[in-house]
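Counting convention: from 1, in listed order, for ligands and their atoms alike.
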Amino acid sequence: MSIGAVEAARNILTRLHEVMASRSNAQTKLNTVVEVIGECLDSEVCSIYLLREGMLELFATRGLAQEAVHVTRMAVGEGLVGTIAEEIETLNLAEATAHPDFMYRPETGEEKFHSFAGVPIVRRERAVGVLSVQHVDPRGYADIEIEALQTVAMVLSELIHNADLVDEVDSYAGASGQTGPEQLRGLTLVKGLASGVAVYHQPRITIEHVVAEDTEAERARVIMAFDKMRDQVERMANQAEFGVGGEHEEVLATYKMFAYDEGWTRRINEAIDSGLTAEAAIERVQQRTRMRMRQIDDPLLADRMHDLEDLSNRLLRIVSGQLGTAATMGLRSDAILIARNLGPAELLEYDRRRLKGVLLEEGSLTSHVVIVARAMGIPVLGRVRGLRGKVREGDPLLLDSDQATVTIRAAAGQIEAFETRLGRSRERQAAYAALRDVVPISQDGKRITVMINAGLRDDVANLALTGADGIGLFRTEFQFLVSATLPARERQTRLYREVMESAGNKPVMFRTVDIGGDKTLPYLRHDDGEGEENPAMGWRALRVALERDGLLKVQARALIEAAAGRTLNVMFPMVSEPWEFEAARKVFEGQLEFLRSRRKRVAESIRYGVMLEVPALAEQLDLIAPRIQFLSIGTNDLTQFLFAADRANPKLAERYDWLSPAILRYLRRVVRSLDGYNVDTTVCGEMGGRQLEALALIGVGIERLSITPASVGPLKAMIGQCNVGEIRAAMEGWLANPPENLRQALTDWAQERGISVD
Ligand code: PEP
Ligand code: MG
């Protein structure tokens with residue numbers, strides 16, 4: 001704002017302050033407001049439209065026909081005023097009739113006015129009205145005038161709210177102005193259904209007071225808030241805890257740049273000079289930024305502007321004292337969390353019994369928060385465009401992550417249909433839970449081992465709940481992912497011990513850290529600091545562990561000590577060559593010897609295993625089999641390498657089928673190569689958790705599965721219905737002479753035999 005603009009706004013605010021402090025009723029106040037603004041901006045027309053019963057109604061005007069007051073009404077989205085409310089956007093037009101949304105209302109007598117400017121009156125990020133000015137001359141309004149109008153609109157928002165003049169924000173439509181149901185699409189990150197209520201991870205701030213009583217006090221508040229915010233940004237940089245994905249450094253650099261940006265501070269101070277409170281001044285400048293953002297075409301720059309918006313929200317929270325996230329403020333019991341993005345640690349702060357689902361504007365299949373959410377059993381829909389603009393705190397939501405949709409303000413019919421689906425899914429879950437004590441034995445008496453995948457302390461409870469045979473894959477990197485710094489050995493030991501104790505007699509296969517690639521840790525980076533072009537095939541898992549053998553040594557000691565008096569099952573991820581296994585085993589044997597020499601209590605015995613995830617290892621199974629006790633096939637990675645198709649790329653997600661002859665023949669060959677060796681062979685990739693895929697795996701000779709806990713019931717049910725001999729014979733036929741669609745052939749085959757394969 002220029003000095004002139006500051007003064008103009010201050011002048012208007014001073015006069016509005018007097019109006020608002022007067023004892024007159026709300027209508028009289030609005031009548032005075034339009035006169036004051038008209039006078040100050042030298043405008044022939046000034047009108048206020050407010051949202052009543054879902055329509056924008058002319059409440060007060062100077063310059064238009066008085067008979068039109070409370071008569072002229074338009075829908076949100078209709079005409080120029082409706083467009084401003086719908087888009088929450090300013091319009092500044094030299095010739096109003098030239099705008100495609102222009103709609104002539106004869107009762108107002110507005111035909112002689114050519115120029116038009118209007119700003120939305122916003123409350124809780126929703127338009128509750130529109131303030132407009134008009135002139136006979138076809139002229140564009142100066143920035144100063146528009147900014148003054150926007151400031152006035154903020155004051156009006158307070159006046160309108162206090163006087164209870166408009167529809168309560170909570171009872172009408174979303175930002176888009178829509179009152180009916182709206183369905184948004186996203187990308188399924190964790191499947192599942194949830195019905196609940198929108199809860200913002202960081203609740204929006206409601207600004208109660210716009211006009212300052214004491215400008216100096218407001219300035220001091222802003223200075224303090226800036227100091228605090230800069231401190232926080234510095235701390236984030238030092239702790240390297242911030243951020244998800246590998247972008248955090250870039251984001252932090254941008255945050256720092258904005259936190260010290262003089263232009264931003266100056267504009268906020270100017271807004272305070274014009275008579276606003278600290279909160280209103282920050283919001284005022286944020287509105288201006290948002291307006292500019294809409295005009296930016298460059299996605300990169302728009303992203304950076306989002307960062308500024310995040311920072312601005314942070315400043316607002318500090319200055320208003322409304323700190324904390326929804327996790328710390330008494331979460332309601334049917335919460336569906338809304339956020340731009342989340343870190344894994346932030347998600348873990350939530351009570352998983354109360355959190356029903358998560359909606360993210362960003363997020364990807366491999367983001368840490370998704371790995372954790374999957375472990376927590378919470379459905380997540382990501383990449384929902386315009387999420388935060390369209391969903392309000394408290395909105396009822398139907399999250400259908402299976403179909404990649406979320407419905408806001410669902411209609412009765414939709415709710416009913418959803419409830420039916422949810423009910424069916426719950427019934428199925430209950431039926432599966434009832435199979436807890438059922439032993440998975442096929443019709444022809446084959447015992448299939450069904451274990452679960454886990455990674456967090458609380459996951460172990462799923463063993464008892466599902467009646468699974470053990471933990472076939474314990475992803476130790478989860479502890480690393482949710483931690484701000486490398487977990488110390490004692491912390492690791494404690495976790496492993498607790499896991500083994502809770503598992504009782506059931507075995508737990510600990511996998512050493514699979515970090516790197518898509519699971520980056522800020523505190524563990526490649527020495528040369530270079531990004532990798534193909535991280536999934538890069539410096540990850542055992543490759544990192546062997547190079548940073550300090551890391552592996554610490555983990556080995558933690559595991560060996562935690563398993564005191566028991567058998568320790570340990571396996572190594574991404575083994576490509578037998579020598580890698582040998583090197584890793586040596587580290588464990590070395591630590592065992594060291595601990596024994598120190599007379600420490602150690603594991604009674606160690607069983608070693610490898611993950612088969614890299615196709616090359618399958619060519620050397622005869623070399624490695626005599627040295628291992630178990631092998632776990634990680635089909636998530638294995639199949640991405642077999643098909644050269646990035647598992648995190650949504651464009652390829654549907655392209656290749658797990659039930660392709662290529663994969664099934666490959667797996668059959670692996671099983672056969674291990675024939676005659678004493679090696680337990682398990683499949684622990686996501687593939688094994690689906691009924692149809694699991695049936696196919698049994699068909700190629702797999703007898704051990706480790707899967708997500710929710711799949712244990714469905715698999716037990718399927719196993720109880722199938723005949724292993726028959727599926728093996730059928731599979732032999734299909735693999736010798738593949739049908740056009742193996743998935744379809746297998747589905748038909750299962751259905752003919754009454755085997756449930758959803
Ligand atoms: C796999 O690759 O199949 C596997 C189980 O490991 P992760 O998904 O942790 O890479
Ligand atoms: Mg893997």
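Heavy atoms of Asn636 found under 4.0 angstrom from ligand 1 belong to the backbone as well as the side chain. Proximity of Asp514 to ligand 1, defined as any heavy-atom pair under 4.0 Å, is confined to the side chain (atoms from C-beta onward). With a 4.0 Å cut-off on non-hydrogen atoms, Arg475 touches ligand 1 through its side chain and not its backbone. For Met574, no heavy-atom contact with ligand 1 is shorter than 4.0 Å. Only side-chain heavy atoms of Leu473 come within less than 4.0 Å of ligand 1; its backbone N, CA, C and O stay farther off.
Considering SG of Cys722 and NZ of Lys446, their distance stands at 11.5 Å, rounded to 0.5 Å. Between atom CZ of residue Phe641 and atom OG1 of residue Thr635 there is a gap of 12.5 Å, rounded to the nearest 0.5 Å.
Counting the atoms of ligand 1 from 1 in the order shown, those under 4.0 Å from a heavy atom of Gly685 are 3 (O). Distances below 4.0 Å separate heavy atoms of Gly634 from the following atoms of ligand 1: 1 (C), 2 (O), 3 (O). Against a heavy-atom cut-off of under 4.0 Å, Cys684 is close to the following atoms of ligand 1: 5 (C). Within ligand 1, the atoms closer than 4.0 Å to a non-hydrogen atom of Asp637 are 1 (C), 2 (O), 3 (O), 10 (O), numbered from 1 in the order shown.
For the pair Arg669 and Tyr666, the cation sits on the ring face: its NZ or CZ lies under 6.0 Å from the ring centre, inside 45° of the axis.
Across all non-hydrogen atoms, the minimal contact from Asp402 to Gly192 is OD1-N, 2.9 Å.
Rounded to 10°, the angle formed at the Mg ion (ligand 2) by OE2 of Glu613 and OD2 of Asp637 is 100°.
Looking at Thr188, its side chain never comes within 3.5 Å of a backbone N or O of Lys191 through a donor-acceptor pair.
Relative orientation of the Trp749 and Trp734 rings is perpendicular, given thresholds of 30° and 60° on the angle between their planes.
Inspection of the Asn453 and Ser706 side chains reveals an N or O donor paired with an N or O acceptor under 3.5 Å.
Every heavy atom of Met687 sits 4.0 Å or more from the atoms of ligand 1.
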